[in-house]
Structure formats: structure tokens, C-alpha cells
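Because only heavy atoms are used, hydrogens play no part in the values below, and waters and symmetry mates are left out as well, while side chains stay in. Letters A, B, ... mirror the listed sequences (proteins, then strands); counts begin at 1.
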Amino acid sequence: MAESPITPRQKDFAAWYQDVVLQGDMAEPAEIVKGCMVIRPNGYAVWEGLHRELDARFKATGHENVYFPLLIPESFLKKEAEHVEGFAPELAVVTIAGGKKLEEPYVIRPTSETIIGHFFARWVQSHRDLPLLYNQWANVIRWELRTRMFLRTTEFLWQEGHTAHSTHAEAQEEVLRMLDVYADVAENIMAMPVIRGVKTQTEKFAGALRSFSIEAMMQNGLALQAGTSHDLGQNFGKAFDVKFQSKEGQLEYVWQTSWGVSTRLIGGLIMSHSDDKGLVLPPKLAPKKAVIVPIARKDEERTAVLEAAHRIAADIGAKVDDREGQSPGAKFFHWERRGIPVVLELGPRDLASGNIVLKRRDTGTKEILPQEGIAAKVASTLDTMQIDMLAAAKERLKANTVLANSIEEVEDILRDVTAEKGGGKFVMAHLKDDAVCDARLKEFKATVRNIPLVDEYDGAGKCLITGETVDRRVVIAKSY
RNA sequence: CGGGGCGUGGCUCAGCUUGGUAGAGCGCCUGGUUCGGGUCCAGGAGGCCGGAGGUUCGAAUCCUCUCGCCCCGACCA
């Protein structure tokens, strides 16, 4: 990949995002496959990091991994009325296989509630079979009309949790438990603050009773739905006849949940932290934490510098960029745009003084430090960066969150906001969970992102549109 | 799926209006030189001009169709 300039955020945020993804070796458009992308090593390693962190938490909360088929009989999708209505426009369907037209077409899974419902029905007879706590790591296909790398692609990688419970209360607990897992990973691993909340009825998952989300704010002020957790009620239980006999001997439908996060998280990560110089990754997700760039003028210097660089690198677990024919300056730019958290410079001056230069990717600050104890210093710097990056992102979220007390005010704030121009805000306002309100927001392309679980503002107030009393302010924003 | 823009060495693009058999810069390779934020010099490799069809003596250039990418809009993790 040639190293071209990166469009500044201020000039065109969407162009900047694409430049960062490309120049950071994260991914590139698949080109020959519409709407799809190739995830490159630097990008896939970030996904592996998220996979590792999430999977550990799923296991810790009692879930087991499973795998269901990619292909789902078309009739399955139709069993849940809302579900089919929601997904029909974005399905890819296999109609010919083995050279013959299929009797019943298969859809390529857009999500797996239906096929899992079918098998749940076979596996559940008694309340003793419950709960079923499963998770699947998979790819899905949704025929999107407009794609952006990581944020929305035709095919994407995700995990989908699917659970079945004997009571609604237990299912509801599960829904919130997993939402908290997502919030934990977002904030403590990705350094991306999120707002946990309930989706409005118009925005909920097709087939759910209620959907919950974590919403993050990107640097352009747009909202990104970073994860969802759904209370499916008994909708799929009824559609797929998933029944169990209770302790009391009654036949009842199971209460199900589903929850997922996707490679979209990587897009959120990029738009949370990166700058005009390229990718910035939080240390906990950076595939490589530190690189040493040796600086040497003459051959005899080179030998000594490289020897010291490798010795220090082994101590830290860092990589030495000993490529020849590349100036140190070129190497600094190279690693900078790939988001390496820490770059260490080691040259003749440092050899003489016993020092080494440490540069932080997030703040760009350089420090001259003794080589002695540099491993511990790198480790503590990485810890500090992780904390500072979350703090900076929280600060930005706070600075761009405003209160509004009339619908005109909301509209004034958000009307001219676009992904390219930026200037987006989270507008906190009292609004009823009602289709009329959602429709009014749609006039200026904004949506209720969610109704926060925790009210950080002034409690109840009158809905700006219906005038009815609602118990807290909701998050209104433009979103990806 | 509608509107707009764009597909020419790896990348960014010129050439297209006024058809005559392909260029620049960057990157890449070789050698030398340099090295504390994109060194410099010399030599070199690399393109059936997105694809298919048509018009023509002749097409990157004109026409038709098609595929893909980017942006905007309606739909969505």
C-alpha cells in the first residue's frame, strides 16, 4: 500500500475515515465483490483482540459456543411476522445449487434467530433443559444499499448470543447482563464510552419485545450503535414451538434473548481515537504495542545501535524496525499511521547517554528516558494511554452533549449535521416512545438513539411533541 | 434502489472534447549516498487504458450494454 496523505477530519470526515482505514492497513474494499471488504492483518488482529475479550466474558457468564448453518430455509424467516418484514429487503437467497433449482430456496443468514429457534424446539422439553446459553461466532450477509468499511458491509463478522429461559424475568436479566458486558468491553478495552439504553419501539429489532443498545459518539458527533441486546419475549418460542413443561406441569413457551456485536466495533474504535496522522489504537487492542526505530549514520554506529535495539526489544517484547534503505523519518510515519501506541527511537546520542526516546501515539509527546527500566516504563505508559484515551473520549462525549427543551431547538442543533461535515451532538430531550415522535425526528434525519437506563439529567418532563409526561430525557442524534 | 462523480503501471492522476497504437509524479527493483520526522543521484522493471459488444482502415478517446468504487438520498449492525 502506497503511503498517501490522509484527508484532515475537518475537511471531510468520511474521506478521513476511509484514508485511515486504508493507510492503517486495516481493510480495503473487496472490489470484485459488491459491498464487501477484505480485512487485512492489522484489522483482523484488532478483531481477534475483541473476540478474545468478549469470548472470555461470555464464558465467564456461563455461555457456550455453538455453530449453526450459514444457509436457512426461506420458510423459516417467514415464521415470525415482524422478523421477515424487517429482514426481507436485505436477504441474499440461494436458488440454485448443484446445478439444479432448489425446491425451497435458502437464505444466507442475516442473523440466526429462526434456525436456532428450530433447534431449540428439539432440545427443550422440560424446565430442567433451561436455560440454554449459547453464543455463535459467525459471518452474516445483509444486502445493504450503502456500505462503508467496518461500519456497514454486505458481509460482516459478529457474534450472536442466543438464550432461552423459563421465565421472562430471567430473560430480562440476561439481556441487561450482556448489555453490561458490551459496555465493559467498549469502555475498558476499546476506551470508547457508551450510553446504555432502550431502543424505541420503531427502532427495535424485528421480532423483539424490546431492544437495548450501547451508543457511542464518533469524533464527528454522530452516534454509532455499537451493540444490541434483545428481549425476544416468547415471539420466537411461539413461531418455532419451543415449549417446555414447567415445575407445575404446564406447557409454556420459552423466553428468549439474543445479543450481538460486530466488526462495526472496529469502525467505532477508529472514529473514536484516530487523528489526522492516521490510526490510533488503545494499547489493549493494539496488535503491536511498541516498535524501536534505530537511527545510525555510519556502519560502526549501526552495529552498536542495532545490537542495543534488539537487546531492549527483547526485554520489552517490541519489534525492531531494522529495514534498510528507509530513513528513520519514513519509519516514524509508517508506524504512526498504523496506530502503534509507542515508538522508541534509539540512536548514537542515546547510546552515548544511556537514554532512549519514547513517543506516545495518542498525545504525540516525546520523552527522553534512561534505557535502564525502560520495559517497566513502556508498560506503565501503555496503561496510562489506555486510561487517558477513555478520559479524552468521555470528555468529547460530554462536550458534545446538549440539552434541548423544544423540538425546534433539537432541529436547529441537528439539521445541518452530516457524516462529512461533522458538528454532531447528542441532544438530550424529553420525548415519548411513540411513532409520532420518531416520525417528527425523521424529518431532519435524526433518531432517538436510546432511552438511557441511567438518568444523568433532570428526571421527568413533558414530551416535546405530545406533551405527555415521560420519566427522563432520551438521546437524540444523527447516526451511522 | 434513485441522483451525481469516477474507473488509464502498485498509488495519485494527465491524455479523451478535435480517434493515429500510452505518459508524469510517487511507490517498487539494483547500485551508491544519506539517516534524531517522508535523504539524494543514477539505472531498471511494470499497463491487452474495469469488462463485453459496436462504429471505423485505425478506439484509452465515439456509441451501446455491463461490472465495480466513492459521494448524496430512501433502508439498515
So what does [X] touch, heavy atoms closer than 4.0 Å: a base, only the sugar-phosphate, or nothing?
{"X": "A/Thr228", "value": "nothing"}
{"X": "A/Phe156", "value": "base"}
{"X": "A/Glu144", "value": "base"}
{"X": "A/Leu151", "value": "base"}
{"X": "A/Val357", "value": "base"}
{"X": "A/Gly35", "value": "sugar-phosphate"}
{"X": "A/Glu90", "value": "sugar-phosphate"}
{"X": "A/Thr447", "value": "nothing"}

For atom [atom1] of [X] and atom [atom2] of [N], their distance in whole Å:
{"X": "A/Asp19", "N": "B/C71", "atom1": "CG", "atom2": "C1'", "value": "14 Å"}
{"X": "A/Arg109", "N": "B/A77", "atom1": "CZ", "atom2": "P", "value": "18 Å"}
{"X": "A/Glu324", "N": "B/U30", "atom1": "CD", "atom2": "P", "value": "11 Å"}
{"X": "A/Phe205", "N": "B/C75", "atom1": "CZ", "atom2": "P", "value": "19 Å"}
{"X": "A/Leu346", "N": "B/G36", "atom1": "CG", "atom2": "P", "value": "14 Å"}
{"X": "A/Lys421", "N": "B/C71", "atom1": "NZ", "atom2": "C1'", "value": "13 Å"}
{"X": "A/Gln18", "N": "B/C6", "atom1": "CD", "atom2": "P", "value": "17 Å"}
{"X": "A/Phe333", "N": "B/U39", "atom1": "CZ", "atom2": "C1'", "value": "13 Å"}

What is the pairing partner of [N], taking Watson-Crick or G-U wobble pairs with both distances under 3.5 Å in any strand?
{"N": "B/A77", "result": "none"}
{"N": "B/G36", "result": "none"}
{"N": "B/G43", "result": "B/C29"}
{"N": "B/U64", "result": "B/A52"}
{"N": "B/G2", "result": "B/C72"}

Minimum-distance nucleotide (side-chain atoms of [X] versus [options]):
{"X": "A/Asp350", "options": "B/G36, B/C70, B/A77", "value": "B/G36"}
{"X": "A/Pro29", "options": "B/G36, B/C69, B/G73", "value": "B/C69"}
{"X": "A/Lys445", "options": "B/C75, B/A74, B/G36", "value": "B/A74"}
{"X": "A/Pro328", "options": "B/G36, B/G38, B/A77", "value": "B/G36"}
{"X": "A/Leu145", "options": "B/A74, B/A77, B/G36", "value": "B/A74"}
{"X": "A/Ala330", "options": "B/G38, B/C70, B/A77", "value": "B/G38"}
{"X": "A/Ser327", "options": "B/A74, B/A77, B/G38", "value": "B/G38"}

For RNA chain B, which residues in residues 279-306 of chain A have a heavy atom at a distance below 4.0 Å?
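Hits under 4.0 Å, by residue number: A/Ile295, A/Ala296, A/Arg297, A/Arg302.
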Give a yes/no verdict on a cation-pi contact between A/Arg40 and A/Trp47, requiring under 6.0 Å between NZ or CZ and the six-membered ring centre and an angle within 45° of the axis.
no
Kindly say whether the aromatic ring centers of A/His162 and A/Phe68 come within a distance under 6.0 Å.
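Between A/Phe68 and A/His162, which both carry aromatic rings, the centre distance is not below 6.0 Å.
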Answer with yes or no after comparing the ring centroid distance for A/Phe240 and A/Phe76 against a 6.0 Å cut-off, counting only values under it.
yes
Do the side chains of A/Lys199 and A/Glu215 get close enough for a salt bridge, i.e. N-O under 4.0 angstrom?
yes
Atom [atom1], compared across [N] and [M]: separation rounded to whole Å:
{"N": "B/C16", "M": "B/G50", "atom1": "P", "answer": "15 Å"}
{"N": "B/C71", "M": "B/A14", "atom1": "C1'", "answer": "23 Å"}
{"N": "B/G5", "M": "B/G10", "atom1": "C1'", "answer": "24 Å"}
{"N": "B/C63", "M": "B/A45", "atom1": "P", "answer": "36 Å"}
{"N": "B/G46", "M": "B/G23", "atom1": "P", "answer": "14 Å"}
{"N": "B/G4", "M": "B/C11", "atom1": "C1'", "answer": "25 Å"}
{"N": "B/C40", "M": "B/C1", "atom1": "P", "answer": "49 Å"}

Determine, step by step, whether A/Arg415 and A/Glu408 satisfy the salt bridge (charged side-chain N to carboxylate O under 4.0 Å, His left out) criterion, reporting the C-alpha distance in whole Å, the side-chain angles of both residues, the deciding distance to 0.1 Å, and the verdict.
CA-CA 10 Å; A/Arg415 193 191 302 119; A/Glu408 291 75 21; over 6 Å; no
Using a cut-off of less than 4.0 Å, is there contact between a side-chain N or O of A/Lys442 and OP1 or OP2 of B/C75?
yes
Reference residue A/His63; test ring-ring contact (aromatic ring centres under 6.0 Å, His included); the match among A/Tyr134, A/Trp137, A/Trp259:
A/Trp259
Set out, in order, the CA-CA distance, both residues' side-chain angles and the distance that settles salt bridge (charged side-chain N to carboxylate O under 4.0 Å, His left out) for A/Asp276 and A/Lys11, then state yes or no.
CA-CA 10 Å; A/Asp276 290 348; A/Lys11 190 178 168 208; over 6 Å; no
Salt bridge (charged side-chain N to carboxylate O under 4.0 Å, His left out) assessment of A/Asp416 paired with A/Lys421:
CA-CA 9 Å; A/Asp416 299 327; A/Lys421 288 187 285 181; 5.5 Å; no
What pairs of residues pass the salt bridge (charged side-chain N to carboxylate O under 4.0 Å, His left out) test when at least one of them lies in residues 177-188 of chain A, not counting sequence neighbours?
A/Arg57-A/Asp184, A/Glu173-A/Arg177, A/Glu174-A/Arg177, A/Asp180-A/Arg196
Can you sort out the partners of A/Glu345 under side-chain hydrogen bond (donor to acceptor under 3.5 Å, both in side chains), two or more places apart, ordered by chain and number?
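A/Glu345: side-chain hydrogen bond (donor to acceptor under 3.5 Å, both in side chains) contacts with A/Lys366.
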